[in-house]
> 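Have a look at the structure that comes next, please.
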Amino acid sequence: MNWCPASQSAVSDVEVENQEVNGHLWHFRYPLTDGSGHLEVATTRPETMLGDTAVAVNPEDDRYKSLIGKTITLPLVGREIPIVADDYVDLEFGTGCVKITPAHDPNDFEMGKRHDLEFINVMNKDGSMNVNAGDFEGLDRFEARKAVVKALEEAGNLVKIEDYAHSVPFSDRGKVPVEPLLSTQWFVKMTPLAEKALKKLDENNDPNLVPERWRKVYRNWLANLRDWCISRQLWWGHQIPAWYAISETGGQITDSTPFVIAKDDEEALAKAKAKFGDDVKLERDPDVLDTWFSSGLWPFSTMGWPEETADLARYYPTSTLVTGFDIIFFWVARMTMMAEHLTGEMPFKDVFIHGLVLDENGKKMSKSKGNGIDPLVLIEKYGTDATRYAMIREVAGAGQDIRLAYDRKTDESQTVESSRNFTNKLWNASRYVMMNLDSKTPAQWGEPGTAVDGNGTNGGSSLPELELVDRWILSRFHRTVKENTENIESYGLGEAAKSLYEFTWNDFCDWYIELSKVRMFADDCPEKTQAQQILATVLEGIHKLLHPFMPHITEELWHGLTQTEAEAAYLATQSYPVVDESRIDLDLETDFQLVIDTIRTVRNMRAEAGIKPGIKVPVVLQTASDREANILNEGKVYIQNLAKAETVTIADADAESPENSVVGVTGTVQVTIPLEGLIDLDELKAKINKNLEKIEKEINGLSGRLGNPGFVNKAPAHVIDGARAALAEAEAQREILQEKLAGI
RNA sequence: GGGCGAUUAGCUCAGUGGUAGAGCUCCUGCCUUACAAGCAGGCUGUCACUGGUUCAAGUCCAGUAUCGCCCA
């Protein structure tokens, strides 16, 4: 088994980490006992030669065939040991001769059993050499290595020393090389447990690993398990429930002392008396269980198992285990095997394997490398919610690692800073909304489009008609609720966080709040009520949606918004928003996009023409489409306010457009800003030409596709229709721009 | 040696067959009565490489390269 000399305990296979080490390969000469020559062996661990009990060669090796059965006299020790033949020996590697130390190497152990060799343990449990090491007794194993090499050199047995990079097993816990030792320990026979877990996995995909690729990792491990050493020579842990009948072996625990397994002292004594008579003397095994053995019981032992408690009935099995991939073997697989064996059920339905947070260089954080990023530093600087939100938002797909931007000198992280800015945005947006709700709560305002209870501004009578912009934000909100639910259910937490960020900032703050100001700041505007209802209801929805991602700030803001005392209720206990499909209207969203695009086009044109932000300009919108004209008419007042227009004129496409003006196009709407004598005609031409070039390229691409029989015959109808519509719009845009260009 | 993942804008990353996106950075202009931790506008791409499948490939297939992780 694997022994950790630092913690002086057995460790299991998964607690052993192989590390590449630049070591040496020492070549020694072992003389034949009959004096007829010698064999040369190579080793990375010279100190173990003191425990050698054979030299092995490959049975097919012509160089050594004749020596098989002869003996070697082991240098320094003088022991006569046989030369054996074993297939394990690689003819190509080193000299083709291998020294065998059955008590200190797992491969040699197997060979020792095959050839019935002597097992000589030359080390103590602390890694020092024991009495079997003769003159080297008491030396630490690494000191003994040097001393043995020196002694062999002085005796003329050292041939050469080569540099040699090889893999060395280190103890996870003790951080020192593991020593393979002979020792009596408790093991769990894994095959029967693993088989049952594999069956559940293969037949029912139980548990369901997310992302799916970890399923194979989990499966392969289960399929190739070796028995699990579970006893630890530590004082912390569950004590092993085995009682030795020491009266049977002279008052000592030996390898042959019989034992009983029991739940407690009383039961142990009863069992022992029945077996060994009333005079039996018991001593409990001082060892404890591997911590992962105990952890493996966690899903049900925390619920009171083995008692049939109410908690166990209610909460077991659980729905989801959230954990990192580095713990699939240590914990997840142990839980599934133990749970299956002891409760007959898998302990959880889903296992969500998330990525790890890497440092600023994309390296895994580790204590030994000292490249950790202290979350408390980030929390101190940016806030708890910002730090938490940043971590979730950076989760890509399911299970990708997160590379965290971080400046070690200033403790600044752009990733977390942008989340902090988002929390700030949420705070300020909430402030704006609360300032404009006339001290009423969302509940008092009621559902958008319904009468306001009590003494609302509409007198509690008529049902206000929702405006285009109101229906737009409600559609966007409910689409966000829907997407968010889908994202969370499929463990797309990063996508969920990002979509809430985009809705809150881009749709609600940048557009709806700005658009609502038209009504909020107008004198005597009867339609103000709907805007207040929408602001109240959508903001509360945002608080709820964001609550799992940033619990503290949303809790605080929600109490302010709803005027709920902390003693009365918490946001944390409110129900999560549920999608109202009837509010979702994709056509309406497309319509409203024209308003947004028109405002953007005007702003763009103003910026390009260098019109000062304070100056209001007349805007002329021309379109041949009735649909577009209707939308523009409905959104006219918004375009006027948000584009800083003096007037907005909506006209037919063939109406005369003013001379000396900047022109832009969106959809098939021609946007014109007349600017008497303020325009650089060359610049204007260049801009239109640039625009035309882009549209020309688009037209070429689209008509190329539509002219291709393969595309028209084989592509699905909606794709072809989409391409035709896009081509028609692009051609209309081209016409508008060409006319304008000709008019300059 | 075996397996898994990644490679897309200066950076961090989305994008599951229908003409490339976000955030940050950068540039320009703004103290507009929620927010300058902000607002408006703008620039930026041989989608690592080579073949193949397809009317159509960042996306599917095969191979190559580089980086990272796991196992032996």
Side-chain angles (χ1 to χ4, degrees), chain A residues 13-14 16-18 167 169 211-217 220-221 224 325-326 328-329 355-356 358 360-364 382-383 386 390 393-397 399-406 413-436 492 494-495 497-499 501-502 505-506 508-510 513-514 516-517 520-521 535 539 599-614 641-644 694 697-702 704-716 718-723 726-727 730:
Chain A
D13 290 343
V14 285
V16 173
E17 207 172 290
N18 291 302
S167 176
E212 201 189 345
R213 62 190 143 91
W214 292 111
R215 181 190 157 128
K216 210 162 125 186
V217 176
N220 284 346
W221 192 75
N224 296 292
F325 62 78
D326 50 341
I328 291 176
F329 306 146
L356 304 181
L358 307 177
E360 69 276 21
N361 299 313
K363 292 268 164 27
K364 192 170 158 177
Y382 298 111
R393 196 187 50 173
E394 291 301 309
V395 172
Q400 271 321 316
D401 287 344
I402 296 165
R403 189 186 293 209
L404 191 63
Y406 185 61
S413 167
Q414 287 192 336
T415 314
V416 184
E417 187 180 334
S418 73
S419 293
R420 189 275 314 268
N421 293 351
F422 181 48
T423 60
N424 194 50
K425 188 74 178 173
L426 182 66
W427 183 271
N428 283 310
S430 300
R431 228 159 53 97
Y432 167 82
V433 172
M434 287 186 250
M435 277 166 52
N436 286 290
E495 288 83 348
K498 273 179 255 189
S499 97
Y501 179 101
E502 280 164 20
W505 201 315
N506 301 341
F508 188 65
C509 292
D510 286 350
I513 284 185
E514 291 308 315
S516 77
K517 287 176 183 173
M520 286 311 140
F521 299 155
L535 285 172
L539 181 67
I599 292 168
R600 285 207 169 120
T601 303
V602 176
R603 283 172 172 171
N604 175 336
M605 287 159 64
R606 292 178 57 114
E608 299 249 334
I611 299 167
K612 288 260 181 284
N641 274 273
L642 272 71
K644 293 244 164 65
K694 221 168 99 183
K697 209 174 141 196
E698 198 182 328
I699 290 172
N700 282 341
L702 286 165
R705 282 169 70 195
L706 287 164
N708 179 347
F711 175 69
V712 185
N713 293 332
K714 294 189 182 178
H718 74 272
V719 174
I720 297 173
D721 290 345
L727 181 61

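The sequence lines fix the lettering, A, B, ..., with proteins before strands; numbering per chain opens at 1.
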> When both hydrogen-bonding distances must be under 3.5 Å and the geometry is Watson-Crick or G-U wobble, what is C4(B) paired with, if anything?
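Partner of C4(B): G68(B).
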> Using Watson-Crick or G-U wobble geometry with both distances below 3.5 Å, tell me the partner of C43(B), or none.
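The base-pairing partner of C43(B), which may sit in any strand shown, does not exist here.
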> Can you check the distance between G45(B) and A9(B), where both ends of the measurement are the P atom (answer in whole Å)?
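Their P atoms lie roughly 10 Å apart.
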> Roughly how many Å apart are C43(B) and G1(B), using the P atom of each and rounding to a whole number?
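One P to the other, the span is 50 Å.
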> Does Arg705(A) make a cation-pi contact with Phe711(A), if we ask for NZ or CZ under 6.0 Å from the ring centre and within 45° of the axis?
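Arg705(A) over Phe711(A) ring: yes.
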> Tell whether Arg420(A) reaches the base of A37(B) with its side chain through a donor-acceptor pair below 3.5 angstrom.
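Side chain to base: pair found, below 3.5 Å.
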> For nucleotides G21(B) and A56(B), find the distance between their P atoms and express it as a whole number of Å.
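Each nucleotide's P atom is 22 Å from the other's.
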> Between Glu495(A) and Lys498(A), does any side-chain N to carboxylate O distance fall below 4.0 Å?
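No salt bridge links Glu495(A) with Lys498(A).
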> Quick one: look up who U53(B) pairs with, Watson-Crick or G-U, both distances under 3.5 Å, and put none if it's unpaired.
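The base-pairing partner of U53(B), which may sit in any strand shown, does not exist here.
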> Now, which nucleotide makes the Watson-Crick or G-U wobble pair with G23(B), with each of the two distances under 3.5 Å?
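C11(B) is the nucleotide pairing with G23(B).
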> Is there a side-chain contact between Met520(A) and Tyr432(A) (heavy atoms, below 4.5 Å)?
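Met520(A) reaches Tyr432(A) side chain to side chain.
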> Looking only at heavy atoms, which two atoms of Val16(A) and Pro169(A) are closest? And how far apart?
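Nearest pair, atom of Val16(A) first, then Pro169(A): CG1-CB, 3.5 Å.
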> Can you tell me, in whole Å, how much space there is between the C1' of C61(B) and that of G17(B)?
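Going atom to atom, C1' in each nucleotide, I get 13 Å.
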